[in-house]
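To start, the structure itself, in structure tokens.
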Amino acid sequence: MSKWADYCISAVRYDSESRYIAKLHVHPDNGDSIGSYSEWTRQDVLDKIDNSKTFVTITKNSDDEWSKGEDVRAIYVNGKHYLRTDANGKESDNLENLPKF
């Protein structure tokens, strides 16, 4: 396995309005393996992206192995940052269909 990013995101928890991510399960990408997750806030991820760290989404496949998803980026819309796997300009966080916790 080659290194996909600095960090990988495997699950999310949205706020009560389902517009913003409140928490994320973030794993270090060790190059030859994916490390155990720790729980990060949305702001933790935004801060790391601002410091040139990279993120991708990951999911477990049928063989119980990690599969790479999409690149995660911070976009700026109407004065606010959002975490998205696309850059379509919607005013909400969206990291594909990751499992919720």
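All values reported here derive from a predicted model rather than from experimental measurement.
Lys48 and Asp6 are not joined by a salt bridge, as no carboxylate oxygen comes within less than 4.0 angstrom of a charged side-chain nitrogen.
Leu95 is not connected to Tyr82 by any chain of hydrophobic side-chain contacts under 4.5 Å among Ile, Leu, Val, Met, Phe, Trp and Tyr, and they are in different clusters. When hydrophobic clusters are built by joining Ile, Leu, Val, Met, Phe, Trp and Tyr residues whose side-chain heavy atoms come closer than 4.5 Å, directly or via intermediates, Tyr7 is grouped together with Val72. With hydrophobic clusters built from ILVMFWY side chains whose heavy atoms lie under 4.5 angstrom apart, Tyr14 shares a cluster with Leu98. Under a hydrophobic-cluster definition in which Ile, Leu, Val, Met, Phe, Trp and Tyr are linked whenever side-chain heavy atoms come within less than 4.5 Å, directly or via other members, Leu24 and Ile58 are assigned to different clusters.
Interatomic distance, His81 NE2 to Tyr76 OH, rounded to the nearest 0.5 Å: 6.5 Å. For the atom pair Ile49 CD1 and Leu46 CG, the distance stands at 6.0 Å (nearest 0.5 Å). Cys8 SG to His25 NE2: the interatomic distance, rounded to the nearest 0.5 Å, is 14.5 Å.
Although no hydrogens or angles enter the test, the distance criterion places no donor-acceptor pair under 3.5 Å between the side chain of Asp64 and the main chain of Lys60. Panel note: side chain Asp15, backbone Ala22; no donor-acceptor pair is recorded below 3.5 Å. A donor-acceptor pair is defined here as one N or O able to donate and one able to accept, closer than 3.5 Å; such a pair exists between the side chain of Asp93 and the backbone of Leu83. Using modelled atom types, one side-chain atom of Thr57 and one backbone atom of Glu70 make a donor-acceptor pair closer than 3.5 Å. Of the possible polar contacts, none joining the Arg84 side chain to the Ile75 backbone as a donor-acceptor pair under 3.5 Å is found. Without hydrogens or angle criteria, Lys3 side chain to Asp29 main chain gives a donor-acceptor distance under 3.5 Å. Formation of a donor-acceptor pair under 3.5 Å by the Asp50 side chain with backbone atoms of Asp47 is not found in this model. The main-chain N or O of Asp32 is never found under 3.5 Å from a side-chain atom of Asn30 such that the two would form a donor-acceptor pair.
Environment of CG in Asp86: crowded, with over 12 heavy atoms of neighbouring residues, nucleotides or ligands closer than 6.0 Å.
Between Ser38 and Trp40, the side chains place a donor N or O and an acceptor N or O closer than 3.5 Å (distance only, hydrogens not considered). In the model, Ser36 has no side-chain atom that pairs as donor or acceptor with a side-chain atom of His27 under 3.5 Å.
Contact check for Arg73 versus Phe55: no side-chain heavy atoms found under the 4.5 Å cut-off.
Residues Ser10 and Pro99 approach most closely at O-CD, 3.3 Å, considering heavy atoms. Closest heavy-atom contact between Ser67 and Trp4: C-CH2, 4.0 Å.
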Exercise. Evaluate the criterion side chain to side chain contact (heavy atoms under 4.5 Å, CB included) for residue pair Asn78 and Glu91; output intermediate values, then yes/no.
Key: CA-CA 8 Å; Asn78 293 326; Glu91 293 185 57; 2.7 Å; yes
